[in-house]
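The structure appears below as structure tokens.
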2 protein chains.
Amino acid sequence: METEKRQQTQSLKALMGVRDLVFSGRARPGERLSEIAIAEKLGISRTPIRAALARLEQEGLLELIPSGGYAVRQFSRDEVIDSIELRGVLEGTAARLAAERGVPPARLRAIKDLLRGLDETMAERVEDMAFDRYVELNAQFHEALAGLAGSGIIRREIERVTRLPFASPSAFLDKQADVPEFRRSLIGGQAQHRAIVNAIELREGARAEALAREHARLARQNLEYVIEQDRGLISRVPALALIGE
Amino acid sequence: METEKRQQTQSLKALMGVRDLVFSGRARPGERLSEIAIAEKLGISRTPIRAALARLEQEGLLELIPSGGYAVRQFSRDEVIDSIELRGVLEGTAARLAAERGVPPARLRAIKDLLRGLDETMAERVEDMAFDRYVELNAQFHEALAGLAGSGIIRREIERVTRLPFASPSAFLDKQADVPEFRRSLIGGQAQHRAIVNAIELREGARAEALAREHARLARQNLEYVIEQDRGLISRVPALALIGE
DNA sequence: GACTTGCAAATTGTATACAGGTGGTATCTA
DNA sequence: TAGATACCACCTGTATACAATTTGCAAGTC
């Protein structure tokens, strides 16, 4: 019908449009993002585009050009590593606080269900894994973990860091990056998932924190594998499109 | 000359203007911030105001009203505590990484100079302390610490959290909140400063991290003192203007 | 008297007009 | 041929106009 979901649409369309422009690699790092060009391409006026650009700059995806305007930001290897480290620290904090403060039974049950679901995706041979399903459940697990401490502040901050694609728990879980090396890392990853939840349940804050931090290191390992062993993969992992240098 | 430093001014004026409106308490938590009203008050058009509002929402200072527009956000006691905790975690990470990665001698010297400066503000009797100078140097110390790991990502994140006034290391260091209880806490605080730098210099990452976290707890102690012992102080500590509930 | 309904004012979201400034190019000169 | 200068096109920052909602009030009805 003519309901035409226009509610809030222009702004959202602009935000998603620009994000996609960057993530898809159609806008290369360093490239200037012209308001007019984008506006024409997306079929909306400059105003919502401008708002989207400003917001994405806040998110760290774009950078200000001294003479005005915005450009796609380029991230160095070190910045990517620090972002992953940061995610580990924040997820570790969420885990620790959840352990220290205690988690309502319903929530604990919910995250345990996710654990079980993840288990079911595993198989004897890595080729037999239900990769897509793992990716989906893994994202849900990390989301649940971020909220487990019951702190909106922490949850929000994790969400923020995670918006940088290469810092996301799903950074190396992509159909395009379906590499045996990465698949193998999921086995250990799932063991860490279990350990984290166990530590939280037993109210072992320090252990929960350390485990969550170490868990994030999986992403770092995968990153280093890509950079040092198989640079060709860089272009196949979408989350790595912003890495330069 | 009529050069009239207008460079970038409207946007900046809008940002500072709205921030000040909130921090000064002229806009109460929950209150809607009307673009037109602010635009008239500040003598600029709606466009830069709008940008400022959107940005401050991203910073967490404002919240979106479902039907459109922005309102001053109100923070619960728990959210304030979590923000302080978060700052502790992030400063702890900066300290740990600085210890693990090592700090260039010049930077180490610089932060040690700050330590010495802070020492000089101390006195036998708390009434004799150079309070203003301490406040100034303390802010510099925390800024230096945030940058000590040489990570722009970490530095930026600390800066972000710190923008929430009650999460800042200077939250309870204000002329209006010049209370003996707070002054006394500075003595132990300075000891922690020294210990943090010492741990970093000795490359003791875990110790540096734990100390920095504990150091942030000073702010939490002060907060709890205000809430549980002397609620009248709330109105005298500007950083606490946003606390509700 | 309380609730509903309709209207009017106000407010946001979006588009566009306008001015100042930046960068690039082409031409002219040495 | 290389460098400098002047001009032109484009782009951003800001203001304002316009349209669609939303909110608040008032009047009318049950």
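None of the values given here were measured: they were computed from a predicted structure. Numbered from 1 within each chain, the chains take letters A, B, ... in sequence-line order.
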- Message: So does Ser76(B) get a backbone contact from the side chain of Glu79(B), meaning a donor-acceptor N/O pair under 3.5 Å?
- Response: yes

- Counting just side-chain N and O atoms, does Ser11(A) come under 4.0 Å of either OP1 or OP2 of dT14(C)? yes

- Item | Short N-O contact, Glu228(A) and Arg77(A), less than 4.0 angstrom | yes

- Query: Using 4.0 Å as the upper bound for N to carboxylate O, is an ion pair formed by Asp174(B) and Arg236(B)?
  - Reply: no

- Query: Rounded to whole angstrom units, what separation is found between the CG atom of Leu33(B) and the P atom of dT12(C)?
  - Reply: 9 Å

- Item | Side-chain N,O (Arg32(A)) to OP1/OP2 (dT12(D)) below 4.0 Å | yes

- Rounded interatomic separation in angstrom, taking CD1 from Ile36(A) and P from dA9(D): 15 Å

- Message: So that I can tick it off, tell me whether Arg73(B) and Glu63(B) are bridged by a salt bridge, with the cut-off set at under 4.0 angstrom between side-chain N and carboxylate O.
- Response: no

- Item | Interatomic distance where CG belongs to Leu15(A) and P belongs to dG13(C) [whole Å] | 14 Å

- Message: Taking the nucleotide of DNA chain C with the nearest heavy atom to each, does Gly43(A) or Glu35(B) sit closer to the 5' end?
- Response: Glu35(B)

- Message: From NZ of Lys13(A) over to P of dA15(C), roughly how many Å is that when rounded to an integer?
- Response: 9 Å

Could you pull out the protein-nucleic contacts involving nucleotides 16-20 of chain C (nitrogen or oxygen on both sides, under 3.5 Å)?
{"unit_1": "dT16(C)", "atom_1": "O4", "unit_2": "Thr47(A)", "atom_2": "OG1", "d": "3.3"}

- Message: Whole angstroms only, please: what is the CG-P distance between Leu64(B) and dT12(C)?
- Response: 12 Å

- Donor-acceptor side-chain pairing of His215(A) and Glu91(A) below 3.5 angstrom: no

- Task: Find the distance between NE2 (His142(A)) and CG (Leu137(A)) and round it off to the nearest 0.5 Å.
- Result: 11.5 Å

- Item | Protein-nucleotide distance (Ile65(A), atom CD1; dG23(C), atom P), rounded to Å | 10 Å

- Indicate, with a heavy-atom threshold strictly under 4.0 Å, whether Leu53(B) touches base, sugar-phosphate, or nothing. nothing

- Message: If I take atom CD1 in residue Ile38(B) and atom P in nucleotide dT12(C), what distance separates them, rounded to the nearest angstrom?
- Response: 9 Å

- Query: When you measure from the side chain of Arg50(B), which nucleotide among dT11(C), dT14(D), dG13(C) comes out closest?
  - Reply: dG13(C)

- Check the distance between dC18(D)'s P and Ile44(A)'s CD1 and give it to me in whole angstrom. 22 Å

- Query: How about Ser83(A) and Phe166(A): do any of their side-chain heavy atoms sit closer than 4.5 Å?
  - Reply: yes

